[in-house]
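So you know, we letter chains A, B, ... as the sequences are listed, proteins then strands, and number each from 1.
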Amino acid sequence: MRVVVVPGEDGGGRAVVSGDAAPGGGGGGEVGEVGEVTEVADLAGWMGELERRVGPRWVVPSLAEVYPALLRAGVRLGRCHDLGLAEAILLAFEERAGRPRNVAAAWARPRGLPEPEDAKPQARGEQPALFEADRRTTPAGADPVAQAVDVLADQERRIAGTARPDLLRLLVAAESAGGLAAAEMTHFGLPWRVDVHLDLLVSSLGPRPAPGARPARLAELAARISAAFSGRPINPDHPPSIVKAFAREGIEVDSARAWVLKGVEHPAVEPLLAYKELARLWAAHGWSWLDSWVEGGRFRPDYVVGGVVSGRWATRGGAALQLPKVLRTAVRADPGWALVVADAAQLEPRVLGALSGDPRFAEVAAGDDLYAGVAADAFDGDRDRAKTAMLSAMYGGTSGPAGALLAVLRKRFPVAVEYVEQAARAGEAGRVVRSRLGRTSPPPSEAWQERVSASGDEEVERRARLAARDWGRFTRNFVVQASAADWALAMLASLRRRLLGETAEIVFFQHDEVIVHCPAEVAPLVAAEVEAAALEASRLVFAGAVVQFPLAASIVDSYADAK
DNA sequence: AAGCCTGGCGCC
DNA sequence: AAAGGGCGCCAGGCTT
């Protein structure tokens with residue numbers, strides 16, 4: 001059973017029960033009978049009750065808008081279809097990404113895509129039209145629930161009309177499960193020991209400075225930097241002034257990046273590198289970060305499901321996906337509880353192996369360490385060179401030794417390398433590419449089209465080639481990154497479903513890594529479910545692939561102790 | 001003052 | 001032959 005729900009005001013809403021689509025989508029994904037619309041005063045209570053009794057698949061315009069309030073009311077949902085998330089995937093698939101046609105989709109649109117001119121944000125308080133007119137089959141002003149039913153049917157029809165409706169259906173289901181998991185992760189929060197974090201800040205930066213002042217340790221380093229430049233005051237936070245200061249000493253550097261400075265012989269280098277590292281900690285994850293993001297021993301970032309075109313998540317505020325490794329020690333299980341930390345090892349090269357079906361690659365990738373296997377087969381056991389070669393294949397790197405290493409890789413694993421090169425050629429030609437499940441790369445902009453097709457002097461044509469290659473690198477990486485995101489999302493969805501009846505909270509998910517917080521005695525079961533979820537994701541996303549996707553779980557007290 | 005850009009660096 | 005993909009966030013400094 002499916003229940004379509006559109007929230008209204010003051011915690012109420014409207015709902016309608018809708019029949020299930022014909023099994024297997026053989027009937028073209030028609031929505032079955034639609035019942036009477038129910039006016040609900042206490043939406044959370046009503047949904048909680050129905051969830052317990054029936055456990056339907058809920059259909060909502062936007063989980064991000066509905067689910068947090070339900071969670072606060074103590075209601076968790078098992079299964080869901082988020083119309084906005086599904087719409088974003090379908091519009092991209094149909095190469096119409098610029099025109100989301102309902103508010104939820106506009107909200108959920110991956111960042112980085114151009115804002116459509118006709119999708120200006122609604123004024124506050126104004127009741128937005130749920131759907132734009134272009135595809136509406138119900139009359140203007142019709143019940144929003146009826147419109148949602150209509151959109152659901154439309155989406156199912158569009159999915160059924162694709163070459164692989166099974167894969168796209170899986171992607172849409174996984175995306176919605178991700179929407180549920182994301183809201184739950186924010187609700188539960190990542191356990192965060194403020195005292196541990198504060199100790200770390202004080203021991204590395206000194207006591208918390210007054211507002212507007214620099215921490216003592218940074219001020220000392222700044223003084224040492226200025227002293228090293230003949231006492232002339234230098235602002236270490238201003239890269240151009242650092243470049244100029246070195247130039248005055250007769251040292252030409254073309255940037256003030258840490259890795260550039262590492263190659264410079266000068267007394268200012270050591271304090272500068274130390275300053276950069278500490279300034280980063282202070283600015284990005286210092287006292288004000290703690291004030292803003294950690295409350296009651298929990299870090300609660302806002303996750304943006306599908307926020308990256310490849311299907312990776314983004315976050316809004318809190319920089320949750322860039323937690324520096326030194327801070328992992330602040331992530332601790334509650335007393336009597338444990339963290340189950342699981343990380344898919346070498347996910348992207350494994351994904352490339354599975355996508356391409358390269359038989360020799362599958363053979364050497366069988367072991368725990370894929371790069372070691374590739375090295376033994378093609379690089380005289382030199383793991384670093386094997387890794388560089390693989391990364392070049394997936395990222396399009398060509399500088400330094402990368403080109404030559406890639407040539408070796410191509411000779412030994414022609415099928416795997418051809419897979420990404422074909423994606424690169426598609427991008428260079430302005431075509432879209434798709435992930436394993438059908439997540440589709442955005443089409444290049446019109447500005448790109450013009451630049452690439454420009455003809456004229458040598459410089460213009462050189463720029464055209466560069467622009468084409470830039471986009472080729474993007475699509476080359478997209479097929480791997482987005483298919484890895486497919487797998488990770490399917491794994492998360494599977495894990496979430498497996499843990500629904502347990503006392504266990506998924507509290508963190510970062511591209512290829514997941515953290516579960518649970519009572520210590522439940523941890524072994526959770527670890528087993530993590531591995532089962534990885535197997536299930538592999539079976540669903542890469543059916544028949546020889547390549548394995550190990551997801552080893554470790555049970556720890558502190559995130560810093562994982563692996 | 002607010003918005004945008006750049007350089008830089010954290011994570012995958 | 002070929003400038004390694006994706007993000008978020010910060011400070012500084014520019015423009016509006």
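Taking side-chain N and O atoms only, Ser255(A) has a distance below 4.0 Å to OP1 or OP2 of dG8(B). When the side-chain nitrogen and oxygen atoms of Asn235(A) are compared with OP1 and OP2 of dG12(C), one or more of them lie within a distance under 4.0 Å.
If you measure from atom CG of Leu281(A) to atom P of dC10(C), you get 13 Å, rounded to the nearest angstrom. We find that CD1 of Ile234(A) is positioned 16 Å from C1' of dA11(C), with the value rounded to whole Å. Protein atom CG of Asp302(A) is 13 Å distant from nucleotide atom C1' of dG8(C), rounded to whole Å. Between the NE2 atom of His285(A) and the P atom of dG8(C) there is a distance of 14 Å, given to the nearest Å. Rounded to whole Å, the distance from CG on Asp237(A) to P on dC10(C) is 13 Å. Rounded to whole Å, the distance from CD on Glu461(A) to C1' on dA1(C) is 17 Å. Regarding Arg463(A), its CZ atom lies at a distance of 14 Å from the P atom of dA3(C), rounded to whole Å. Nucleotide dA3(C) holds its P atom 9 Å from the CG atom of Asp470(A), rounded to whole Å.
Looking at residues two or more places apart in sequence or on another chain, you find a side chain to side chain donor-acceptor pair (under 3.5 Å) between Arg193(A) and Asp195(A). Scored by the side chain to side chain donor-acceptor pair (under 3.5 Å) test, Arg328(A) finds no partners at all (sequence neighbours excluded). Among residues two or more places apart in sequence or in another chain, the side chain to side chain donor-acceptor pair (under 3.5 Å) test is passed with Ser483(A) by none. Listed by chain and residue number, nothing satisfies the side chain to side chain donor-acceptor pair (under 3.5 Å) test with Arg436(A) (two or more places apart in sequence, or in another chain).
For the pair Arg298(A) and Phe188(A), the cation does not sit on the ring face, since its NZ or CZ is not both under 6.0 Å from the ring centre and inside 45° of the axis.
Taking the six-membered ring for Trp and thresholds of 30 and 60 degrees, Trp289(A) and His197(A) have ring planes inclined between 30 and 60 degrees apart.
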Pick out the pairs of N or O atoms, protein on one side and nucleotides 9-11 of chain B on the other, that lie under 3.5 Å.
| from | atom 1 | to | atom 2 | distance (Å) |
| --- | --- | --- | --- | --- |
| dC9(B) | OP1 | Ala258(A) | N | 2.9 |
| dC9(B) | OP1 | Lys276(A) | NZ | 3.3 |
| dC9(B) | OP2 | Ala258(A) | N | 3.3 |
| dC9(B) | O2 | Arg280(A) | NH1 | 3.0 |
| dG10(B) | O4' | Arg280(A) | NE | 3.0 |
| dG10(B) | O4' | Arg280(A) | NH2 | 3.2 |
| dG10(B) | N2 | Gln322(A) | NE2 | 3.1 |
| dC11(B) | OP1 | Lys325(A) | N | 3.0 |

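His517(A) has its ring centre no less than 6.0 Å from the ring centre of Phe508(A). Not less than 6.0 angstrom separates the ring centroid of Tyr303(A) from the ring centroid of Phe509(A).
Among the nucleotides dC9(C), dG12(C), dG6(C), the one closest to the side chain of Ala319(A) is dC9(C).
At the heavy-atom level, Leu466(A) lies under 4.0 Å from the strands shown only through sugar-phosphate atoms.
When the nearest nucleotides of DNA chain C are assigned to Arg473(A) and Trp282(A) by heavy-atom distance, the more 5′-ward of the two goes with Arg473(A).
A donor-acceptor contact shorter than 3.5 Å links the side chain of Asp82(A) to the backbone of Leu63(A).
Contacts between residues 395-421 of chain A and DNA chain B, counted as heavy-atom distances below 4.0 Å, involve no residue at all.
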